[in-house]
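A note on names: the letters A, B, ... follow the listed sequences, proteins ahead of strands, and every chain is numbered from 1. FYI, side chains are in, hydrogens and waters are out, and symmetry mates aren't considered; it's all heavy atoms of this structure.
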Number of protein chains: 2
Amino acid sequence: MATISDVAKLSGQSKTTVSRVINKHPYVSEEKRELVLKAMEELGYTPNPTARRLRGQLTTTIGVIVPRIVNPFFSYLVNSIENAAYQKGYQVLIAQSNEDKEKELAFLNLLKNKQVDGIIMTSIVNDWEIIEPYTKYGTILLCNDYVNQEVAPMIRLDQTKGAYLGIKHLVEKGHKKIAYCTGGLFDAHGRGRDRNLGFQKAMQEANIKINPRWIFVDQHTIEDGKIILKQILEMDDRPTAIFTGSDEVAAGIIIEAKEHSLSIPQDLAVVGFDDQPIAEILDPKLTTICQPMDQMGEKSVKVMIELLENPKTQIKTYELPIDLIVRQST
Amino acid sequence: MATISDVAKLSGQSKTTVSRVINKHPYVSEEKRELVLKAMEELGYTPNPTARRLRGQLTTTIGVIVPRIVNPFFSYLVNSIENAAYQKGYQVLIAQSNEDKEKELAFLNLLKNKQVDGIIMTSIVNDWEIIEPYTKYGTILLCNDYVNQEVAPMIRLDQTKGAYLGIKHLVEKGHKKIAYCTGGLFDAHGRGRDRNLGFQKAMQEANIKINPRWIFVDQHTIEDGKIILKQILEMDDRPTAIFTGSDEVAAGIIIEAKEHSLSIPQDLAVVGFDDQPIAEILDPKLTTICQPMDQMGEKSVKVMIELLENPKTQIKTYELPIDLIVRQST
DNA sequence: AATATATATGGAATCGATTGCATTAGGGGC
DNA sequence: GCCCCTAATGCAATCGATTCCATATATATT
């Protein structure tokens with residue numbers, strides 16, 4: 001690869017002048033600029049990003065942390081992030097935390113060494129107090145997951161509303177025995193906590209007492225959903241509806257229900273969360289909460305780049321719309 | 001961040017000695033080594049990867065090109081690649097080609113500037129003649145997709161066998177009117193071509209003439225599958241079975257069949273390809289060809305790192321097993 | 001005409017590591 | 001006691017860019 005010195009030599013100018021041309025600095029005569037541009041062209045020169053990086057320039061690389069890329073919600077998010085980043089000339093480094101605190105921190109360390117300019121966290125495993133110190137090495141933007149103080153730029157959805165809409169819909173369908181299922185723990189913070197609040201609010205408004213036996217925590221996969229259905233079948237007093245924290249769990253429930261000849265929604269109404277492609281594939285099709293993944297990814301990249309290129313930009317929280325999509329499972 | 005000079009100063013040694021300790025060179029006395037290690041510990045020092053990179057060291061970053069990350073086949077592949085890379089201390093840069101030649105090349109360019117040590121291509125859009133020149137800047141490994149000469153390290157499956165198994169299975173079920181559906185074009189190369197060969201071989205062995213009206217090319221999504229079913233419905237002479245190039249297309253066919261009260265497999269038997277999670281979610285569950293994504297990703301990383309750390313390693317092709325999984329759709 | 005200001009240009013230091021070469025101190029062989 | 005070799009160490013160059021500072025010229029201001 002040609003270096004800046006090669007260009008300098010060929011064009012008969014100094015490295016300084018070449019660098020000025022590259023970076024569009026003022027005070028370069030038109031004549032020399034053209035000489036330099038011609039030499040660059042001739043050599044097929046592109047500046048070495050590593051060298052620039054060492055000088056403390058931007059790396060044009062953004063890191064993204066997801067819990068698991070195979071979860072369609074996150075692969076859709078990564079998809080929109082990558083596309084938006086590419087359009088702006090940025091690269092995307094991904095890491096899966098697998099919900100592991102140590103791995104999350106290992107990845108945040110890339111900020112320290114200027115391996116990435118900023119990191120988009122789509123999930124938070126460590127406490128914010130642990131993560132916060134890293135913000136001084138680079139921009140950390142929270143997308144999807146969030147903390148309950150305005151400490152970092154955030155792109156989020158009104159999770160409380162999401163859960164509220166789902167539960168209210170079940171109530172309106174006449175259900176009183178409603179089970180609730182969440183990915184986190186019941187006393188979680190951030191996203192999980194807000195969903196729980198929405199659940200509680202809707203139940204309270206409908207004057208229904210929450211039955212703790214119908215609360216399932218830490219549920220994520222199709223497999224988890226299948227197990228939930230089996231547990232419900234074993235209950236003397238069964239719920240007539242269930243709100244799940246994810247389409248995958250809902251899918252597991254529906255699939256297992258079929259095995260046991262339970263009719264959905266007659267015997268059990270099911271609400272998912274995410275509006276993943278499987279929601280339309282399931283039979284019956286899944287009523288679920290739609291999160292605009294594409295918008296979230298795009299907006300995250302836009303805000304991130306704005307913050308990087310203009311560090312004095314004010315830190316803000318952006319809230320995107322969240323909606324209930326009624327299909328056949330309720 | 002602490003630099004090597006800080007460590008040198010604190011330990012009272014030269015940068016050279018510190019560097020020797022970091023890189024485990026011989027000729028450092030035990031006494032000084034410990035002094036240096038203590039200083040490193042105290043300062044929380046980690047070498048700056050950017051600076052190392054500039055000196056021509058490895059970047060410990062691997063690039064991965066996928067067509068679309070939202071395709072579960074590829075997100076599973078990326079998942080296993082990322083996990084394996086993390087275990088070896090490597091980072092993963094991803095790019096989606098979206099089947100776009102220019103974007104594929106843009107990403108290959110990262111090799112030139114030593115932004116990545118090597119690239120794992122899970123799909124090939126440009127002709128190999130265009131890609132080949134990039135191999136001199138870094139390692140290019142083909143995983144999943146491949147070319148028909150042994151020009152690069154490849155991790156592949158016997159695609160011919162995959163298609164052959166699927167078609168043969170349909171033949172054994174008594175089908176004679178078999179439709180065939182592929183992601184590429186019918187005269188493709190690499191993966192697509194080999195699948196076509198398997199199809200042709202199985203048909204020939206069963207003495208069935210291929211009906212060109214039952215060949216569908218360039219099909220990828222659930223939506224495509226739905227359209228295919230509608231086209232079949234409009235035919236006077238309908239196939240009784242269809243082999244699809246992907247579970248997604250198969251899903252579209254099954255979903256749309258349900259809309260038109262067509263029974264599967266009675267009216268139309270369907271074979272997918274990939275064994276994605278939806279294969280088990282669909283009703284009826286999908287008979288499909290299982291590709292070991294996890295093994296492929298893991299093996300790719302292993303071979304890649306071997307080639308990077310030991311450049312004289314011989315270029316080889318690795319073939320992994322491919323199997324038919326019979327479920328309810330046939 | 002003298003001075004201030006804007007425009008152009010290049011030399012050399014710098015970022016944080018690695019490494020070739022030179023130097024020194026000991027140990028062994030004769 | 002002299003020579004040679006090995007082990008241990010550090011100086012300074014290097015990777016490929018950016019940027020501070022000095023300098024030179026042209027133009028504007030008094």
Side-chain angles (χ1 to χ4, degrees), chain A residues 1-37 39-40 43-61 109-117 137-138 309, chain B residues 1-37 39-40 43-61 109-117 137-138 309:
Chain A
M1 280 298 287
T3 73
I4 197 172
S5 300
D6 299 331
V7 176
K9 208 169 294 166
L10 182 62
S11 64
Q13 301 306 309
S14 71
K15 291 197 297 176
T16 309
T17 302
V18 176
S19 174
R20 288 210 177 92
V21 171
I22 296 168
N23 296 285
K24 305 201 201 318
H25 276 293
Y27 306 153
V28 179
S29 67
E30 195 49 41
E31 175 201 5
K32 308 240 159 155
R33 174 190 313 285
E34 265 161 31
L35 267 152
V36 170
L37 287 173
M40 282 171 54
L43 293 167
Y45 168 81
T46 17
N48 181 321
T50 304
R52 302 183 110 176
R53 205 171 286 203
L54 186 56
R55 281 300 313 226
Q57 298 284 105
L58 293 183
T59 68
T60 65
T61 303
N109 262 307
L110 297 180
L111 282 174
K112 274 200 190 173
N113 295 318
K114 293 251 180 297
Q115 298 251 69
V116 295
D117 295 331
Y137 301 117
E309 297 184 346
Chain B
M1 279 297 287
T3 73
I4 196 172
S5 301
D6 299 332
V7 176
K9 208 170 294 168
L10 182 61
S11 64
Q13 301 306 309
S14 71
K15 291 197 296 176
T16 310
T17 301
V18 176
S19 174
R20 289 210 176 95
V21 171
I22 297 167
N23 296 286
K24 305 202 201 318
H25 277 293
Y27 305 155
V28 179
S29 67
E30 194 50 40
E31 175 201 4
K32 308 237 160 156
R33 174 189 314 284
E34 265 161 30
L35 268 156
V36 170
L37 287 174
M40 283 171 52
L43 292 166
Y45 168 81
T46 16
N48 180 322
T50 304
R52 304 182 108 177
R53 204 172 288 205
L54 187 56
R55 283 297 315 222
Q57 298 286 105
L58 293 182
T59 69
T60 64
T61 303
N109 263 307
L110 297 180
L111 281 174
K112 274 200 191 173
N113 294 318
K114 293 253 180 296
Q115 299 251 69
V116 295
D117 296 330
Y137 301 117
E309 297 184 347

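A side-chain contact (heavy atoms from CB on, under 4.5 Å) with B:Val28 is found for exactly one of B:Val36, B:Val21, B:Thr16, B:Val18, namely B:Val21.
Using a 4.5 Å heavy-atom threshold, the side chains of B:Ile4 and B:Ile22 count as touching. A:Glu309 has its side chain out of reach of A:Asp117: every pair of non-hydrogen atoms, C-beta onward, lies at least 4.5 Å apart. At a threshold of 4.5 Å between non-hydrogen side-chain atoms, the residues A:Met1 and A:Asn48 do not count as touching. Looking only at side-chain heavy atoms (C-beta outward), A:Pro47 and A:Tyr45 come within less than 4.5 Å of each other. Within the 4.5 Å cutoff, side-chain heavy atoms of B:Leu35 are placed close to those of B:Gln13.
Put simply, OG on B:Ser11 and NZ on B:Lys32 are 9.5 Å apart, with the number rounded to the nearest 0.5 Å.
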Give me, pair by pair, the N or O atoms of the protein and of nucleotides 7-9 of chain C that are less than 3.5 Å apart, along with how far apart they are.
unit_1	atom_1	unit_2	atom_2	d
C:dT7	OP2	A:Tyr27	OH	3.0
C:dT9	OP1	A:Ser29	OG	3.1
C:dT9	OP1	A:Lys32	NZ	3.4
C:dT9	OP2	A:Ser29	N	2.8
C:dT9	OP2	A:Ser29	OG	3.0

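Across the helix from C:dA1-D:dT30 to C:dC30-D:dG1, the helix axis at one end is tilted relative to the axis at the other end by 50° (nearest 10 degrees, each axis from five pairs).
Look at B:Arg53 and you won't find any side-chain N or O under 4.0 angstrom from OP1 or OP2 of C:dA17. Between B:Asn48 and C:dC15 there is no side-chain N or O to OP1 or OP2 distance below 4.0 Å. At C:dG10, none of the side-chain N or O atoms of A:Thr16 fall inside 4.0 Å of OP1 or OP2 (strictly under the cut-off).
Look at CG on A:Asp6: it is 13 Å from C1' on D:dC15, rounded to the nearest Å. A straight line from CG of A:Leu54 to C1' of D:dC15 spans 9 Å, rounded to a whole angstrom. C:dA17 atom P lies 13 Å from atom NZ of A:Lys114, rounded to whole Å. The separation between B:His25 atom NE2 and C:dA17 atom P is 15 Å, rounded to whole Å. Here the C1' atom of nucleotide C:dG16 and the CG atom of B:Leu43 are 15 Å apart, to the nearest Å. Spacing between atom CG of A:Leu58 and atom P of D:dA17 amounts to 17 Å, rounded to whole angstrom units. Put simply, CZ on A:Arg55 is 15 Å from C1' on C:dA17, counting in whole angstrom units. Rounded to whole angstrom, the span from the NZ atom of B:Lys15 across to the P atom of C:dC21 amounts to 18 Å.
Among the heavy atoms of the strands lying under 4.0 Å from B:Thr3 are primed sugar atoms or P, OP1, OP2 only; no base atom is included.
With sequence neighbours excluded, no residue satisfies side-chain hydrogen bond (donor to acceptor under 3.5 Å, both in side chains) with A:Thr60.
Of the N and O atoms on the side chains of B:Ser14 and B:Thr17, at least one donor lies less than 3.5 Å from an acceptor on the other residue.
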